[in-house]
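First listed ligand is number 1; within each ligand, the first listed atom is number 1. Residues: numbered from 1 along the sequence shown.
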Amino acid sequence: MQNKTLHFTKMHGCGNDYIYFNCFEERVENPEELSIRLSDRHFGVGGDGIVLICPSKTADARMRMFNADGSEGKMCGNATRCIGKYLYERGGVRKDVITLETLSGIKTLRLTVEDGVVSSVQVDMGAPVLEPALIPVKLPGERAVNATALLAGETRTFSCVSMGNPHCVLFTTGVAGLDLERIGPGYENDPLFPERVNTEFVEVLDPHTLRMRVWERGSGETLACGTGACASAVAAVLAGHCPLNEDITLKLRGGDLVIRYTGETVLMSGGATFVFDGVVQV
Ligand SMILES: N[C@H](CCC[C@H](N)C(=O)O)C(=O)O
């Protein structure tokens with residue numbers, strides 16, 4: 001049988017890089033296996049996973065994203081901004097307000113366009129979820145904010161927030177020096193989290209600035225995590241480190257995101273970048 005090829009576009013949001021497929025034009029079979037193979041930075045294209053941009057009956061497009069280990073994520077903040085840019089500049093969706101169907105509901109994207117080029121995207125990420133059973137995390141009570149429990153082998157204080165996907169946020173110092181390759185898997189796979197968890201390590205620089213590193217479920221350390229930045233900002237507001245309804249800059253290894261928790265919803269603003277196009281044998 002002749003080898004099938006697929007066209008892809010490599011994009012990143014703050015260095016969180018994915019391999020994008022336009023499924024309005026080409027069908028992707030077995031995305032789980034494809035993500036594992038193509039995410040490999042030596043034997044594949046290289047990326048934190050793959051993202052499918054698909055037709056939708058209820059929005060301008062539908063997103064499916066797969067981590068580098070093939071697991072499907074229910075939401076991906078950095079990918080939503082890249083999809084907004086892709087749809088406007090290459091997908092014929094010439095609107096500055098675009099809707100995107102995800103496994104965590106329909107998100108509204110507001111594009112800043114300069115001379116036909118999308119320079120920034122604001123995503124309404126929706127309300128954070130704090131009920132432990134909905135994150136999910138095996139902790140008692142109505143919310144797991146500033147909870148103290150055994151986590152990754154030690155008693156620690158942390159907050160759990162879902163932005164459609166599960167996050168565990170720890171406030172600490174010396175974030176730049178953490179050995180995430182060594183400690184990350186212990187958090188990701190802790191039995192407190194029945195669906196595993198994305199873990200953010202956050203340093204409060206001032207009431208409007210947080211430094212964050214992340215160990216992502218299914219992809220390891222990434223240079224940025226949009227949902228993680230949102231979860232970190234919500235946890236910081238709830239802990240009294242940052243103000244409600246004001247812009248908070250999240251300084252990530254791959255760039256900055258601006259997050260605002262209004263009390264009802266979370267707004268995420270940041271860039272999106274085309275890197276290259278290619279054709280892959282599948
Ligand atoms: N690893 C995440 C999905 C990607 C989230 C992240 N890249 C973002 O930008 O939100 C999960 O399994 O829930």
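Counting non-hydrogen atoms of neighbouring residues, nucleotides and ligands closer than 6.0 angstrom, the CD atom of Q281 exceeds 12 such neighbours. For K251, the NZ atom sits in a loose shell: 12 or fewer heavy atoms of surrounding residues, nucleotides or ligands are nearer than 6.0 Å.
Counting heavy atoms under 4.0 Å from ligand 1, residue F66 does not touch it at all. In T227, the parts holding a heavy atom less than 4.0 Å from any atom of ligand 1 are both the side chain and the backbone. Of all the heavy atoms of N78, the ones lying under 4.0 Å from any atom of ligand 1 are found in both the backbone and the side chain.
Ligand 1 has at least one atom lying under 4.0 Å from a heavy atom of M65. Contact analysis puts C225 in contact with ligand 1, with a non-hydrogen atom separation below 4.0 angstrom. Contact analysis leaves G218 out of contact with ligand 1, as no non-hydrogen atom separation drops below 4.0 angstrom.
Remark: the T227 side chain and the N165 side chain contain an N/O donor-acceptor pair separated by less than 3.5 Å. Side-chain contact check for Y86 and N22: at least one donor-acceptor pair (N or O, by modelled atom type) lies under 3.5 Å. Counting only N and O atoms by type, the side chains of T99 and D60 include a donor and acceptor under 3.5 Å apart.
Looking from atom 5 (C) of ligand 1 to the surrounding protein, the closest heavy atom is E216 OE1, 3.6 Å.
For ligand 1, the polar-atom distance check against G73 finds no nitrogen or oxygen pair separated by under 3.5 Å. Between G226 and ligand 1, at least one pair of N/O atoms sits closer than 3.5 Å.
Heavy-atom proximity to atom 11 (C) of ligand 1, evaluated over V197, L252, N198, is greatest for N198.
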### Query
What do the steps show when you test R213 against E221 for salt bridge (charged side-chain N to carboxylate O under 4.0 Å, His left out), and what is the final call?
CA-CA 8 Å; R213 285 177 68 189; E221 179 170 20; 2.9 Å; yes
### Task
Let me see the working for N16 and L223 under side-chain contact (heavy atoms from CB on, under 4.5 Å), right down to the final yes or no.
CA-CA 5 Å; N16 186 201; L223 299 189; 5.8 Å; no
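Taking the six-membered ring for Trp, F21 and F66 have ring centres at least 6.0 Å apart.
Close contacts between ligand 1 and N16 involve ligand atoms 6 (C), 7 (N), 9 (O) [criterion: under 4.0 Å to a heavy atom]. Those atoms of ligand 1 with a heavy atom of M75 less than 4.0 angstrom away are 3 (C), 4 (C), 5 (C).
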